[in-house]
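For reference, the structure discussed in these notes is given below.
Just so it is clear: chains get the letters A, B, ... in the order the sequence lines come, proteins before strands, and each one is counted from 1.
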Number of protein chains: 2
Amino acid sequence: MAQSPRPGAPVTVAQVGMHAGVSRQTVAAVLATPNQVEPHVRDRVLASIEALGYRPDRGGRTPNARSAGLVGYGMSARVAPTSIMSQFPRALARAVEDVGRHMLLFTTPEDPENVDAFDELLAQRAVDAFVLTDTVRDDPRHLWLTERNVPFVVFGRTWPTNGAQPGLWVDVDGAGACARLVAGLHRIGHRRVGLVGLTVPTVAVLDRVAGWRAGCERHDLPSGDDLVVAADADCPEAGEAAARALLDSADPPTAIMAVSDTLAVGVLREVRRRGGCPGEDIAVTGFDDSPAASVVEGGLTTVRQPLDQVAAALVELLGTGDRRRGVLLPGEVVSRGSAPIG
Amino acid sequence: MAQSPRPGAPVTVAQVGMHAGVSRQTVAAVLATPNQVEPHVRDRVLASIEALGYRPDRGGRTPNARSAGLVGYGMSARVAPTSIMSQFPRALARAVEDVGRHMLLFTTPEDPENVDAFDELLAQRAVDAFVLTDTVRDDPRHLWLTERNVPFVVFGRTWPTNGAQPGLWVDVDGAGACARLVAGLHRIGHRRVGLVGLTVPTVAVLDRVAGWRAGCERHDLPSGDDLVVAADADCPEAGEAAARALLDSADPPTAIMAVSDTLAVGVLREVRRRGGCPGEDIAVTGFDDSPAASVVEGGLTTVRQPLDQVAAALVELLGTGDRRRGVLLPGEVVSRGSAPIG
């Protein structure tokens, strides 16, 4: 029989597990990733949470004075110098300061399973909340932090398709923005819009691809497999190769959307290599509004991620004490010479 | 008569001032900026420091447990998205972690006189040392921190010409790297090398200009005023205008060195606008190896700032407990299509 919680003491994850007849890990999984848990197990755990009145014991931890107000941001080793995410630490620091707190910036290894840095910071009581980016599907760090009742917010979704992401998140509506790019290209006369994706797409990239497809369907444009080429890696060279494949196809597109500015830079190169002028002969678009987008000749039409707004929304969510909530911000289409759609 | 220090108690800046018959501020100025102080005053203060055995009382402060190990890095609002300094927070966080500490990232206003953020962090005992970048001549923050005996290290020099900078600093040898760029351009046949500078040069930019001049003189190349154009701002548009002025001059250069990649991007545009091919018709070089340098068509020859090494050297200096020391790291010339000198 499940052990009853002591009166007045906060209910623990272990007690919920005992009540429901499952492990602590399963309770944490239900909290973090309800859609990944067998429905009958999930329902039992949710009933136990309800019955025992379980609440994350954030107030129950005795935070060391050292950690008061410090928000930890783990920056992945994966962030490329050309990535817009290089700009994020300052945007986040400013947002954190706006609510009278400070930010501890630490580095995280490429492997999202590796939570050593989080573990160490918690053991040292160096921070009392985390901001995470570089979200991967079923992000193991989210589960790990949920299990430990550590407050955290996430830039990015792990299940963009069903909207049932646990925890607190802020994201940019990549699908909506890419659909608007297609609409803009359609408006200036394009009827075949190719797509450069990635062979190993992130959740965010899948979202952008979905937006391209939805935009094409809405305007009765083709969106078949012959219009999609997946690049091996997120680098200009892979973008060049993908553009080559699209432009050499039997019925080549007149516009090419790339799921990142970095890939779009490669597409621009390939168009120029063939003697074409981007924006006149072939329209090209990217995603991110990274520094590259304004540096390339003529400028790259792209989608700006509103990092300052993202940072402010993340910090605001952290302050609410809510357990589950998401904020989806629109991406801003920025029209430049490579596809004058604005 | 100057008050004698109590036996055993650490000598204070105030006591040194009284001994020398000057204000605390003057003592701090001698510690921070000896070359800016009248020689006879400086000598008197140095004699008092010697006589009283003054040492900065870092050990005398009672650091709150909260601050143990936290290094504060103030990132200026001035850093442009295209700047290589966008990459610095992660490099520094990693270097700080390598010695078992953590980094608090905060933002600083554009005005270097404004030390509110430093003051607040010290009052909160949130950090126990600072790393500073975006150095300006006679940087007021350095003086302010010196007065308060707060450990700090600086990326950048405030007096590159005489090597007498107080405190701990690490810098990249911009002059040496720019002289090597000139040597490389000379080697591939260029005999007139123009320079795009800035109307309001930073200390680092002056260093690069000095390197260009030294390189030209070493190879008996002209370095007159007709080969120098100062851009209004560090943006591609200003680089374009400067290149136009150089290329429209009576005896135009065959190679153009810009003091930043951002300006070089504008120079490349102007060369292309005239139907020229950078690297074939006109050689173009930048400085920074920013993301832009590898993104522009053909690639930009530039100087890489070794940020990981800079960060490691800064953290190492902070750990020495030294009061004065500088480390000058070489910049690495990166040869790309815009000036194939490698």
**Study point:** Crowding at CD, B:Glu237 (>12 non-hydrogen neighbours, <6.0 Å)
**Key:** yes
Point to revise | Heavy-atom contacts under 4.5 Å, residues 263-275 of chain B to chain A | key: B:Val265, B:Arg269, B:Arg272
Check your understanding: Tell me, side chain or backbone of B:Leu121 under 4.5 Å from chain A's heavy atoms, or both, or neither?
Key -> side chain
Review point. Do the non-hydrogen side-chain atoms of B:Thr107 and A:Glu97 ever get within less than 4.5 Å of each other?
Key: yes
Check your understanding: Mind checking whether B:Asp261 and A:Val295 have side chains closer than 4.5 Å, heavy atoms only?
Key -> no
Revision key, fill the gap. Between A:Gln87 and B:Ser86, the two heavy atoms sitting closest are OE1-OG, 3.3 Å
Point to revise | Point-to-point distance, once rounded to the nearest 0.5 Å, from CE of B:Met103 to CE of A:Met103 | key: 7.0 Å
Practice item. Compare all side-chain heavy atoms of A:Glu120 with those of B:His102 and state whether any distance is below 4.5 angstrom. Key: yes
**Study point:** From A:Leu70 atom CG to B:Leu70 atom CG, the distance as rounded to the nearest 0.5 Å
**Key:** 6.5 Å
Practice item. Using atom types as modelled and distance alone, determine if a side-chain donor or acceptor of B:Arg90 lies under 3.5 Å from a backbone N or O of A:Ser76. Key: yes
Check your understanding: Side chain, backbone, both or neither: which part of A:Thr108 has an atom under 4.5 Å from a heavy atom of chain B?
Key -> neither
Review point. For B:Pro89, is it the side chain, the backbone, both, or neither that has a heavy atom closer than 4.5 Å to a heavy atom of chain A?
Key: both
